[in-house]
Amino acid sequence: MTLMTSSTFSIYDYIIFISTLVFSTLIGIYYGCFGTKQATTKEYLMGGKNMKIIPIAISAAISHISGSLLIITVSEVYRYGASISLFIVSYIIMGLLSIFIYLPVFFKVQVTNIYDYLEKRFDKRTRMLAFAIYLLSEIVMFPIMAYAPSLTFATASGINPTWSAFFLCVICVFYTSIGGLRTVVWTDFLQFAIIMASLVTVYAVGVGVSGGFLSVWNTALQGQRLQVFNFNVDFTARDSFWGYVAGGPTAVATIIVHQTGLQKFLSLPKYRDCVWSVIHTVISMSIVHIFCVFIGLAVYSQYKDCDPLTSHMVTKHDQLFPYFVTDVGRRFPGVTGLFVAAICSAALSSMSSNLNALSGVIYKDLVCRFLKEQPSEKRGSDILKIIVLVVGLLCTCLVFLVERMGEVFNIILSVNGITQGPLFGVFSLGILFPKANHKGAFYGALGGFISVACIAIPARYYQMMGLIKYPTKPLSTTGCTLFNETLSASNTTLNQDTPLQPNVIFKTMFYYYVIIGVIVTIVVGLIISVFTTGSPVDKDLLSPVISCLSTTPRHTQDGNRNTEAAMELLTH
């Protein structure tokens, strides 16, 4: 195999890529300048509370499937095998927990800001702590979401990734600021179609150049890429089945018990619509994930004898998927442009959803608290648009720091691990434990945040220093030729990333970071709650299941009412 030294867009690629950005921007202009013009806070944040099931499901799915996740999944399959396909188990668990535990509470309370729940259930101090953790997460993640697809664009076009990420952020901030939730949802719908078209096309091309499906499958078997089920109970194992099971609560934390996802589901008029939307979200995410896994197998089939990283054709694993597309897609005009448009679409979707959600939280938790009078609906809508612009531009400037932080995958794991665990833990504490009080919630969340940070931050340092690595499946460079010269035989058979362990706990995977944060938050919260007093709990703030189970005989009538209310919520 002869290695490629450069790759550029054709005119067809530029047309497809630019068209995607133009259409996304036009959708924002349409909803921002015509019709209701997003003139009220309810319209801007909740789409008028009359959104439809499928668009919301697609939007929720694609918001979680960022461009970086697409790239990461393919790279993980290439290096570590198809065990990452077990993420589908996580999605199913997420759907069940969401439908029966978390969404009934949020829908009944009808909060537009998820942190309103914490103030109702606990107190203002707990709410502000959770808001601070959430704000930290979003500000750090926004430039990362933009930088991952910019690596793809840089691989295909040769343009500096930092400046292309900056440009992508500016477009996203513009159309999100003027269009509100409706723009976010309908651009997501368009972008999902582009992503699916790209994945199907890339997979078809990849399988075609690799000799067909059976050839790809047999190559994956020989290369140990189809060893999916690993029931090792070692919590530091990278591909343990139990790690993906633990990913179920993690998915709830990042999609449902999260302002970005919840805001979309609560824009639906009925709880039954929410249930169906969650089901469609799980299906959509699973389909995209399966396509990425099969593409990863095709990538391995193509480079089984010539690893691009070892042969220095890419400098980061994050560039493997883009390199594959530009390599095999150069003989098919438009394929590279479609792929880059898909990766950027996924990034734009995540970024716009997060910006819209973040603006609502900042508006309610910061701006309104400092205003002497509550602003009118029109003025509130204008303030929200300004918040999106200011925060978006601030996060855009942080793009210039991302390239100095190492591989995108590890950054995402660290940030999400530190923040999502305590946030999910404090909401679970309120929804599942009637005895929990405001002091337990505050110190529990604080303890959860500190405990995970004490693990994740050193782990990130060790990863940057190259002290924590995981053994990959076998890789090879026996088929590489560079300028008609065969690469050194010493690099022909590789099993990269021999693990070095300064401390085994620092190898803990992201899913377990979240679980650790949840457990510490709940345990500390319950212990403190036992030794302190709190106010009585409104049963509407508890899961319907918990409300029914916690009913004593002398409160049978109240228990019956709770059961009836829960059934009514689930059937209407």
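Remark: F23 CZ is loosely packed, at most 12 non-hydrogen atoms of other residues, nucleotides or ligands lying under 6.0 Å away.
Checked against the 6.0 Å centroid threshold, F424 and H258 do not count as a close aromatic pair.
With H289 contributing its side chain and I84 its backbone, the two residues share a donor-acceptor pair below 3.5 Å. Remark: side-chain polar atoms of N218 are paired, donor with acceptor, to backbone N or O of L214 under 3.5 angstrom. At least one donor-acceptor pair closer than 3.5 Å links the side chain of S215 to the backbone N or O of S210. Put simply, the side chain of S267 gets close to the backbone of K264: a donor and an acceptor are under 3.5 Å apart. A side-chain donor-acceptor contact under 3.5 Å links T281 to the backbone of A57. Within the 3.5 Å criterion, the main-chain N or O of M94 finds a donor-acceptor partner in the side chain of S98. In this structure, S277 contributes its side chain and D273 its backbone to no donor-acceptor pair below 3.5 Å.
Smallest separation of non-hydrogen atoms from Q259 and A357: CG-CB, 3.5 Å. Nearest heavy atoms, S137 versus Q420: OG-NE2, 3.7 Å. Heavy atoms only, all atoms of each residue included: A453 and I418 are closest at CA-CG1, 4.1 Å. Across all non-hydrogen atoms, the minimal contact from C292 to L199 is SG-CD2, 4.3 Å. The two atoms that bring A342 and I195 nearest to each other are O-CG1, 3.5 Å, heavy atoms only. The heavy-atom pair separating V282 from Y91 by the smallest distance is CG2-O, 3.5 Å.
In this structure, CG on L268 lies 14.0 Å from CH2 on W276, to the nearest 0.5 angstrom. Between the OG atom in S59 and the NZ atom in K52 there is a gap of 16.0 Å [rounded to 0.5 Å]. In this structure, CD1 in I88 is found 11.5 Å from CD1 in I283, a value given to the nearest 0.5 Å. For the atom pair CD1 (I58) and CD1 (I53), the distance works out to 12.5 Å, reported to the nearest 0.5 Å. To the nearest 0.5 angstrom, I295 atom CD1 is 8.0 Å from F339 atom CZ. Between atom OG1 of residue T73 and atom CZ of residue F87 there is a gap of 7.5 Å, rounded to the nearest 0.5 Å.
The salt bridge (Lys or Arg N to Asp or Glu O under 4.0 Å) pairs that include a residue from residues 159-168 number zero, where partners must be two or more places apart or lie in different chains.
With a 4.5 Å cut-off on side-chain heavy atoms, M196 and I287 count as touching. The closest side-chain heavy-atom distance from Y134 to L423 is below 4.5 Å. Contact check for F321 versus V202: side-chain heavy atoms found under the 4.5 Å cut-off. Using a 4.5 Å cut-off on side-chain heavy atoms (C-beta onward), F265 and V278 make contact.
K304 and T219 form no side-chain donor-acceptor contact under 3.5 Å, judged by distance and modelled atom types alone.
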Checklist entry - Given L320 and V299, is the side chain to side chain contact (heavy atoms under 4.5 Å, CB included) satisfied, shown in steps? => result CA-CA 9 Å; L320 182 62; V299 173; 4.2 Å; yes
Checklist entry - Given the rule in the side chain to side chain contact (heavy atoms under 4.5 Å, CB included) test, do L262 and V257 qualify, once you have shown the distances and angles that lead to the verdict? => result CA-CA 7 Å; L262 184 67; V257 186; over 6 Å; no
Item to check | Verdict with supporting geometry, I99 and Y271, side chain to side chain contact (heavy atoms under 4.5 Å, CB included) | outcome: CA-CA 9 Å; I99 291 170; Y271 181 68; 4.1 Å; yes
Next on the checklist: Apply ring-ring contact (aromatic ring centres under 6.0 Å, His included) to residues Y78 and F324 and explain how you reach the verdict.
Outcome noted: CA-CA 11 Å; Y78 172 81; F324 169 76; 9.5 Å; no
Next on the checklist: Apply side chain to side chain contact (heavy atoms under 4.5 Å, CB included) to residues I256 and L103 and explain how you reach the verdict.
Outcome noted: CA-CA 8 Å; I256 306 297; L103 271 180; 4.0 Å; yes
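The aromatic rings of F294 and F213 are tilted relative to each other, their planes meeting at an angle between 30° and 60°.
Taking the side chain to side chain contact (heavy atoms under 4.5 Å, CB included) definition, one finds that A220 meets it with R225, L226, L297, sequence neighbours left out. S428 pairs by the side chain to side chain donor-acceptor pair (under 3.5 Å) definition with Y102, not counting sequence neighbours.
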